Each structure stands twice: as C-alpha cells, then as structure tokens.
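Everything below concerns the one structure shown next.
Since we're looking at a predicted model, the values are computed, not measured.
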Amino acid sequence: MSPDVLLEHAPLFARAAVVTVRIAALGILGALAVGLVCAAVEHFRVPVGRQAVRAYVELARNTPLVVQLFFLYFALPKVGVVWSGEACAIIGLTFLGGGYMAEALRSGLDAVDASQVDGALSLGMSRGAALRHVVLPQGVAVAVPALTANVIFLVKETSVVSVVALPDLMYVAKDIIGSSYDTREALTLLVVAYLVILLPVALGARALEGRWRRAGLGS
C-alpha cells in the first residue's frame, strides 16, 4: 500500500464524504419526520390511517433501496416525473427509513404506561400536549438504541446511491479502482471515511441514551 497514493486520493474521498453526509442527514431527518407521524397514527389507533401506515411500513421495509431508487430515477420519468439523482437518493432514504423509524418510535410510545397519559389528561392537558410533554420524551428515550441502529443503517445504505450517478464514497472508490487499479488504497480510504462518519454517531447516541437514563427517561 502506497502512502503517496493514499494522499493523492484522500481529497476525492473528502469531497465524496460531504455528499454522503448531506444525503444521509436529509434522508434521516425526513425518515424521522415520517416515522413520527406514522408511529403516532398507530399509537392512537387512527381508523383507516392505521391500515395505511401498516401497508407503507411493510412496503418500505421489504423492498431494497436500490429498487426504490431505480423506480424513482428510471421509471417515473416515463410518466413525466423527473428528479435529480440527489433528490431521488433523499426521497429513497426517507421512504425506506420512515418504515424503520416508525416501528422504533411506535415501540417506544407503546412502552409508556397508559396511566401517565391518563394522569396528564386529568390535569387538563390535551391529547396533543400529553403526547408532546409526557409520552414523546419517554418514548424517544426508550427508542434511542433502535433509532441509533436505524441511523447507522441508513448511512450505510447510502453506498447504493451511486446507481443514480451521485459521486458519493462508493462511487469514488469504484471509479478509482476501475481507472487506476489502486484497490487497496481505495478500499482503505472507503473504510476510514465511513468510520469517521459513523463512530461519532454511535458514541453520541450512547452518551445521549446514558444522559436520558440518568434523568429518569426511558427507564
């Protein structure tokens, strides 16, 4: 393995890491928003909406991201709907991740004892206020490990967005291997880049979980 080759390719991976982080961050935020809405619909057993959420969750979790990306990027233009590769990647991650986040958040919300909601309502809180101030903080604390696993999973899933011509980490690694055959160096930089992105996420989530546990949330 050549240190000179590593230094030569490092800037390419740095730029690709920015693309990967941007897509992952936007996709994860979208997935959390979708997941929270779906979890609330299921938790409160909203008629009709609950069945629609179940269908969405099963569809999202049982179809590969690469298939979803092909549908968004190659199939929809046939009916006049055209999105950029980055938009397709973000929508795909949001769609896929929303299903996983919904299940994680639903399990967290369901773990909160119903007596706490009844107590909040007896104090004059509305159901929305009880959800925001009583159920949600405790439910999210319980769901932190599952949410963290989902975040890491979604970041790793960005490795397939190169199929829609995005210059992410995997795209750059494959391009270097195909053009200059610097396989060991490219793969080493690829592993290092993902570690740099994912380790802070895992450590930060662990610290957050410990803080919430000490505060009495999620116990």
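Side-chain contact between V19 and R15 is absent, with no heavy-atom pair separated by less than 4.5 Å. Here the side chains of I176 and L189 are not in contact, with every heavy-atom distance at 4.5 Å or above. Side chains of V160 and M170 form no contact here, defined as non-hydrogen atoms less than 4.5 Å apart. Side-chain contact between H9 and V172 is absent, with no heavy atoms from C-beta onward closer than 4.5 Å. Taking 4.5 Å as the limit, some side-chain heavy atom of T94 sits within range of a side-chain heavy atom of I90. Between V155 and I197 there is a side-chain heavy-atom pair separated by less than 4.5 Å. Side-chain contact between K174 and S162 is present, with heavy atoms from C-beta onward closer than 4.5 Å. Counting heavy atoms from C-beta on, the side chains of L154 and L65 never come closer than 4.5 Å.
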Apply side chain to side chain contact (heavy atoms under 4.5 Å, CB included) to the pair L72 and F95, showing each step before the final yes or no. CA-CA 11 Å; L72 292 169; F95 183 83; over 6 Å; no
Test side chain to side chain contact (heavy atoms under 4.5 Å, CB included) on L93 and E157; report intermediate values, then the result. CA-CA 8 Å; L93 284 172; E157 280 293 285; 4.2 Å; yes
Check the pair L147, L32 against side chain to side chain contact (heavy atoms under 4.5 Å, CB included), reporting the backbone distance first and the verdict last. CA-CA 9 Å; L147 293 175; L32 284 169; 4.3 Å; yes
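Checking side-chain atoms of Q51 against main-chain N and O of V48 turns up a donor-acceptor pair under 3.5 Å. Remark: the backbone N or O of Y171 is paired with a side-chain donor or acceptor of D168 at under 3.5 angstrom. In this structure a side-chain-to-backbone donor-acceptor pair under 3.5 Å is present from Q68 to T63. The closest donor-acceptor contact from the side chain of E103 to the backbone of G99 lies at 3.5 Å or more, if one exists at all. Side-chain N or O atoms of S84 include one that pairs as donor or acceptor with a backbone N or O of A87 at under 3.5 Å.
Cluster membership check: V201 does not share its hydrophobic cluster with V18, using side-chain heavy-atom separations under 4.5 Å among Ile, Leu, Val, Met, Phe, Trp and Tyr. Under the 4.5 Å side-chain contact rule for hydrophobic residues, L76 and Y56 do not share a cluster. Transitive grouping of hydrophobic side chains (ILVMFWY, heavy atoms separated by less than 4.5 Å) keeps L26 and W83 in distinct clusters. Follow the hydrophobic side-chain contacts under 4.5 Å out from F153 and you reach I28 in the same cluster. Follow the hydrophobic side-chain contacts under 4.5 Å out from Y194 and you reach V161 in the same cluster.
A distance of 12.5 Å separates NE2 in H133 from CG in L123, rounded to the nearest 0.5 Å. Note: H43 NE2 to L36 CG = 11.5 Å, rounded to the nearest 0.5 Å. The line from CD of E42 to CG of D110 is 8.0 Å long, rounded to the nearest 0.5 Å. Distance check, rounded to the nearest 0.5 Å: CZ of R45 to CZ of R50 gives 5.0 Å. Here S180 contributes atom OG and E185 contributes atom CD; the two are 8.5 Å apart, rounded to the nearest 0.5 Å. Put simply, OH on Y100 and CG on L105 are 15.0 Å apart, with the number rounded to the nearest 0.5 Å.
The minimum heavy-atom distance linking A186 with A173 is given by the pair CB-O, 4.1 Å. Between L96 and A60, the shortest heavy-atom contact is CD1-O, 3.2 Å. Contact record, G98 with V34: CA-CG1, 4.1 Å, taken as the closest heavy-atom pair. Looking at every heavy atom in both residues, A39 comes nearest to A102 through CB-O, 3.7 Å. Between G97 and A31, the closest heavy-atom pair is C-CB, 3.5 Å.
The number of heavy-atom neighbours closer than 6.0 Å to CZ of R61, taken from other residues, nucleotides and ligands shown, is above 12. For R54, the CZ atom is densely surrounded, since the number of other residues' heavy atoms within 6.0 Å is greater than 12. For F74, the CZ atom counts as densely surrounded, since its 6.0 Å shell holds more than 12 non-hydrogen atoms of other residues, nucleotides or ligands.
Under the side-chain contact (heavy atoms from CB on, under 4.5 Å) test applied with T148, the options N150, I152, V151 reduce to a single match, I152.
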